[in-house]
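Throughout, residue positions are numbered sequentially from 1 according to the sequence presented. Not measured: the values here are computed from a predicted model.
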Amino acid sequence: MTKNLIGAIQLGYSFCKKIQNSAQWGDQVLQNLSLDLRKEFPDSTGFSVRNLKYIRSFYQFYSSIGQQTVAQLMTQLSLLPWGHNILIFSKSINLNEAKFYISQTLENNWSRDVLALQIKSNLYKRKGRSITNFKHTLPDVYSDLAIQTLKDPYVFDFVALTTEAKERDIEKQLVTHITKFMLELGKGFAFVGQQYHLEIAGEDYYLDLLFYNIPLKSYVVIELKNTKFVPEYAGKLNFYLSAVDDLLKKEDDKPTLGMLLCRDKNNIGVEYALRDINKPIGVSEFQFTEILPDNLKSSLPTIEEIENELKFDDSES
């Protein structure tokens, strides 16, 4: 891939020089160039007009940052298939966003479809944005890694429910679509159980979802609330984390993390709620595909009724 990438940069440089020197630089010039290149290199591919436009755009995107910076990125860029490169430079707003998707693709070995999904869901702006108390409850190096593990919001677009759905219904759909759920959670999560049972002081308690994060070497308790955040949720999750640390955590495990996922939150209110809690907790919003309840659907006009109404209005005018 390295040779192809260097060739793309060289072609892009040639394109941009011609743009400066020719007022007629357009599709016809690209078509002629495409024909010339195919004649010159009959055994090579990638000289279609469409791909030449991508090559030119690739050079223009990265050339604005200087040759030295491009050289530093070259090793990473050369490890990505050309299709991945096209997605990244054509969809990224700036270099920082492109760098993020380059590193994440290499780290997680994303296919092009998965990369496209992560870009569409705006992972760059969601990753590491959860409100947490990790800085005060975890060692510095570990807290930074833990913070980057969380997102805000989480996008469960594979879940379709009414807005009044119960938390248990959401849990069931997340577990039913566990592969997509794990992809949204991120790298390193291992599923332990749903409604995981703990017996504490002779009473039964059930964790909504329990995971183990391998890179973090810690259990992760996820509590779902299909409502706006209230401080009491953090207190209950703190209780669960103490129990998991006591009953499940081994000596070589790191402290158990808590993730509270709710439909809405006030960030300042969350910060106050977490300030004096001594267990590491992050709070994020989550989104799913909302569907109308049956009783509301029946009260709405059908497409046919709307069309007939429009036809009637036209005849009146």
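- In this structure a side-chain-to-backbone donor-acceptor pair under 3.5 Å is missing from Asp144 to Val141.
- Using a distance-only test at 3.5 Å, with no hydrogens or angles considered, no donor-acceptor pair links the side chain of Asn226 to the main chain of Glu167.
- Placement of Leu210 and Leu247 within a single hydrophobic cluster is found when ILVMFWY residues are connected by side-chain heavy-atom separations under 4.5 Å, directly or transitively.
- The closest donor-acceptor contact from the side chain of Gln104 to the backbone of Phe100 lies at 3.5 Å or more, if one exists at all.
- Between the side chains of Asn213 and Tyr219, not a single donor N or O lies within less than 3.5 Å of an accepting N or O.
- Ring geometry, Tyr54 versus Phe89: the interplanar angle exceeds 60°, so the pair is classed perpendicular (tilted spans 30 to 60°).
- Within 6.0 Å of OH on Tyr272 lie no more than 12 heavy atoms contributed by other residues, nucleotides or ligands.
- Ring orientation note: the planes of Tyr233 and Phe229 are nearly perpendicular, at an angle over 60° on the 30°/60° scale.
- The main-chain N or O of Ser121 is found under 3.5 Å from a side-chain atom of Arg126 such that the two form a donor-acceptor pair.
- Under the 3.5 Å distance criterion, the side-chain polar atoms of Asp246 are left unmatched by any main-chain donor or acceptor of Ser242.
- For Asp245 (side chain) and Thr256 (main-chain N/O), a donor-acceptor pair under 3.5 Å exists by modelled atom type.
- Lys228 places no side-chain N or O within donor-acceptor distance of the main-chain N or O of Arg263, the cut-off being under 3.5 Å.
- Looking only at atom types and distance, the side chain of Glu171 has a donor-acceptor partner in the side chain of Gln195 under 3.5 Å away.
- Between the Tyr124 side chain and the Tyr101 main chain, no donor and acceptor come within less than 3.5 Å of each other.
- Side-chain atoms of Lys91 never come within 3.5 Å of backbone atoms of Ala116 as a donor-acceptor pair (strictly under, hydrogens ignored).
- Taking the six-membered ring for Trp and the full ring otherwise, the centers of Phe181 and Phe191 sit at least 6.0 Å from each other.
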